[in-house]
Novice: 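This structure is in structure tokens; I'll ask about it shortly.
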Amino acid sequence: MSWGNLLATAIAAVQWNRMRSVLTMLGIVIGIAAIMVTVGLGEGAQAKVKSTISALGSNLLTVSPGSSSSLQGVRGGLGSGSTLTLSDASALSNSQVAPAIESTAPIVSGHETLTFGATNWTTTVYGTTPSWLSIRSRTLEEGRFLTSSDMSSSNNVIVLGAVTAQELFGSKTALGQSVDVGGLPMTVIGVLAPVGTGTSATSNQDDLAVVPITTAKYSLLGTSSTDSVQSILIKSTSAATLSAAYQEANKELLMLHGITDPANADFTIATEQSLVSAATSVSSTLTALLGGIAAVSLLVGGVGVMNIMLVSVTERTKEIGLRKALGATPSVIRRQFLAEASILGAFGGAIGGALGLLGQLFLPSVIKFPIEIPGSVTALSILAAISISLIFGVYPAARAARLSPIDALRSE
Amino acid sequence: MAEDSVVEDSVVEDSVAELDDSTMDLGRKVLLQLVDISKVYELGSVRFQALTSVSFNIYDGEYVAITGPSGSGKSTLMHLIGCLDVPTSGRLLIDGKDVSRLDELELAQIRNERIGFVFQQFNLLAPLTALQNVELPLMYGSYNKRERGERSLALLERVGLTDHVRHRPNELSGGQQQRVAIARALVVGPSLILADEPTGNLDSKNAFDVLDLFDELHEAGRTIVVITHDSEVASRASRIIRIRDGQLEPTQ
């Protein structure tokens with residue numbers, strides 16, 4: 001019997017038992033749709049993490065002391081061993097030396113308790129320069145940011161994150177109020193616009209306070225009067241010049257620090273890319289986990305196919321007997337049932353795939369989370385549906401092929 | 001599969017050629033030859049002798065009724081003649097080819113090419129139209145789509161169902177269904193029409209029609225074997241083989 005005839009026969013059988021075929025397919029449909037949506041959620045999460053991290057500051061490089069690539073250096077304690085200095089930062093922002101670098105912001109930071117009246121709140125206080133605002137791609141909710149005159153006269157002024165302001169002042173106006181920071185009264189000159197909840201990969205971007213780096217170093221964070229800073233943020237002139245900026249910063253810092261062998265560098269320059277890859281590796285693990293769970297449901301769908309096909313073989317003993325009496329060989333019978341199984345799988349896979357794609361279209365607006373299903377996943381899912389159905393169709397098909405035509409014809 | 005059947009065809013033809021002389025008897029060609037056939041069923045420890053040493057010939061163009069009470073072994077005989085089963089001992093030759101030792105695959109091919117079955121329950125497939133049901137045996141042979149259609153339509157016309165080719169079994173009366181089944185039995189041009197209680201599920205009018213159709217086929221030179229317990233049906237045949245307790249009754 002030709003494959004075309006076999007397929008036509010199988011399609012006729014699937015159509016004839018429409019209700020049962022639909023129920024058989026249901027398991028496959030749900031399995032495929034579940035796999036697609038979960039993988040889509042995972043991919044969506046990755047994309048979201050990427051865009052959130054990118055939003056932290058475009059074209060951003062972070063220079064931290066030490067040769068380790070650990071990002072902890074940014075938030076670490078005020079070690080005296082820091083090799084980065086304020087003059088490093090100002091040298092890098094020289095457009096003659098480093099044309100690809102738009103601006104730099106040296107950073108020192110520490111945890112401080114902010115007190116306003118009876119309320120207090122402990123947060124991270126950053127000491128930095130006016131360029132921090134544009135490097136971090138932040139905007140102000142109200143008031144103003146640090147200015148160069150704040151820097152030069154080490155003014156006791158402070159800019160608060162939205163969450164910090166809310167915690168300290170509640171519904172009251174923060175602007176112009178004086179807060180006590182580690183014993184030093186400081187005037188609130190601005191509140192940063194919120195960026196939304198911080199991702200797991202970064203600390204909460206809305207709970208912080210920013211003061212002039214000069215004030216921080218000499219009055220506030222109690223560091224020595226040395227020039228050292230904890231890290232330097234670098235913004236390149238565009239995304240395209242990021243690697244040029246990296247090269248320039250690396251070369252300039254090696255020179256300033258008098259290091260000839262790059263392998264002995266006492267600083268590390270990290271791109272946001274390294275943050276992204278750390279974050280995506282987490283979410284891809286999650287995707288794999290969710291996809292695995294969904295795959296189990298597809299497997300259960302396959303068992304459903306086997307179950308219903310066994311019932312079908314029993315119900316159709318008479319048909320099988322007749323086909324054998326008319327000259328069907330066991331292998332033709334086996335292939336007929338395998339063809340039926342794969343048709344169920346193909347239809348189930350296609351319907352499940354369509355449901356998955358519909359989910360991608362309509363679910364995100366409901367769950368407020370992006371779903372991105374790669375095309376390869378759609379194709380693979382449908383393939384998987386067919387193969388699962390085929391595999392689980394093998395046993396019922398073998399049972400059908402083994403039936404004796406006499407017993408089969410006799411059954412009522 | 002197509003290659004297989006080509007090889008098998010030539011084997012069949014060879015053996016026919018070899019045995020041609022021995023299958024001639026009084027100028028008539030022996031179509032079916034049963035030699036000392038016995039069939040024993042063993043179900044666990046229970047042993048049941050269904051047929052004991054049965055021998056007879058059926059000649060080309062004959063219309064034979066095999067009759068006997070229920071439990072006499074006539075169903076077993078039908079299964080053996082229909083190549084649905086093989087005898088425990090003895091030889092069964094169809095067109096001179098011994099089919100009693102063939103394997104499942106070879107039996108399937110013999111059934112497909114040489115035997116046209118007509119059942120009491122009609123056994124049409126519900127999802128298929130009358131035409132598709134008639135085409136079914138051709139699907140298991142090597143016929144192309146055009147041949148299948150032509151042959152099947154011709155036979156549906158022969159049984160007077162030209163107006164019903166697109167109808168499914170549930171849209172046809174019992175008599176019409178049995179005529180579709182007869183068309184299906186004839187479609188491969190088998191050596192033998194093997195009918196098992198063909199009128200058992202029909203009212204007397206339709207039963208007469210079916211038996212008349214058998215008479216016509218017989219007159220046209222077909223070999224027909226009808227298994228029945230109905231003496232009226234048996235009386236239409238040109239010869240009656242009676243069986244009781246697994247043995248042939250001597251012919252009167």
Side-chain angles (χ1 to χ4, degrees), chain A residues 1-22 24 309 312-313 315-340 343-344 397-412, chain B residues 1-2 4-5 8 39 41 75-76 78-80 82-86 103-129 132-145 148 168-170 181 184-185 187-188 190 194 196:
Chain A
M1 198 168 183
S2 74
W3 284 106
N5 290 338
L6 210 62
L7 220 59
T9 306
I11 288 174
V14 167
Q15 275 181 339
W16 186 251
N17 296 300
R18 203 162 294 149
M19 191 62 199
R20 186 167 57 196
S21 301
V22 166
T24 312
M309 288 214 47
S312 167
V313 167
E315 263 187 25
R316 288 159 67 189
T317 2
K318 202 162 177 178
E319 175 197 329
I320 296 161
L322 173 79
R323 287 181 183 277
K324 286 195 153 185
L326 298 184
T329 57
S331 93
V332 166
I333 298 290
R334 188 169 49 243
R335 277 186 284 160
Q336 183 195 330
F337 276 84
L338 285 178
E340 281 181 32
I343 284 167
L344 288 174
R399 281 260 298 246
R402 269 205 305 273
L403 282 176
S404 143
I406 302 171
D407 296 337
L409 277 174
R410 206 181 276 144
S411 89
E412 282 308 316
Chain B
M1 242 190 80
D4 286 355
S5 55
E8 195 56 47
K39 181 68 185 177
Y41 291 109
S75 288
T76 305
M78 180 245 166
H79 295 150
L80 295 179
C83 294
L84 295 166
D85 204 352
V86 289
D103 66 18
E104 208 177 340
L105 217 72
E106 294 166 313
L107 285 176
Q109 200 185 348
I110 295 278
R111 290 195 295 267
N112 181 240
E113 292 170 356
R114 310 259 163 148
I115 296 163
F117 289 95
V118 178
F119 302 96
Q120 180 176 1
Q121 310 284 340
F122 323 137
N123 284 349
L124 300 177
L125 295 187
L128 307 184
T129 63
Q132 288 169 325
N133 266 292
V134 175
E135 282 186 338
L136 205 53
L138 300 176
M139 300 269 247
Y140 297 121
S142 40
Y143 297 86
N144 65 35
K145 196 176 161 62
R148 290 203 305 267
R168 295 212 153 76
N170 57 10
R184 182 181 64 192
V187 78
V188 290
L194 184 57
D196 183 17

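Sequence lines set the chain letters: A, B, ... in the order given, protein chains first and strands last, and positions in each chain run from 1. The structure displayed is predicted, hence computed values, not measured ones.
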Novice: Would you compute the distance between atom CD of A/Glu319 and atom CG of B/Leu128 and round it to the nearest 0.5 angstrom?
Specialist: 8.0 Å

Novice: Using non-hydrogen atoms only, which part of A/Arg323 is less than 4.5 Å away from chain B: side chain, backbone, both, or neither?
Specialist: both

Novice: Report yes if some heavy atom in the side chain of B/Pro127 is under 4.5 Å from a heavy atom in the side chain of A/Thr9; otherwise report no.
Specialist: no

Novice: Taking all heavy atoms of B/Leu105 and all of A/Pro330, pick out the closest pair and write down the distance.
Specialist: CD1-CD, 4.2 Å

Novice: Test of understanding: with side chain to side chain donor-acceptor pair (under 3.5 Å), list the residues that count as partners of B/Arg168, not counting sequence neighbours.
Specialist: none

Novice: Within a strict 4.5 Å, meaning less than it, do heavy atoms of the B/Arg111 and A/Leu326 side chains meet?
Specialist: no

Novice: Main chain of B/Met139, side chain of A/Asn5: is a donor-acceptor contact present, judged purely on distance under 3.5 Å?
Specialist: no

Novice: Is the shortest heavy-atom distance from the side chain of B/Arg184 to the side chain of A/Leu322 under 4.5 Å?
Specialist: yes

Novice: What are the two closest non-hydrogen atoms of B/Phe117 and A/Ala325, and how far apart are they?
Specialist: CE1-O, 3.3 Å

Novice: At a heavy-atom separation under 4.5 Å, does B/Ala126 approach chain A through its side chain, its backbone, both, or neither?
Specialist: both

Novice: Give, as side chain, backbone, both or neither, the part of B/Tyr143 having an atom under 4.5 angstrom from any heavy atom of chain A.
Specialist: neither

Novice: How close do B/Ala108 and A/Ala328 get, counting heavy atoms only, and between which atoms?
Specialist: CB-O, 4.0 Å

Novice: Determine whether B/His79 and A/Pro405 make a side-chain contact, defined as any pair of heavy atoms from C-beta on separated by less than 4.5 Å.
Specialist: no

Novice: Just verifying a value: how many Å separate B/Asp85 CG and A/Ile406 CD1, rounded to the nearest 0.5 Å?
Specialist: 3.5 Å

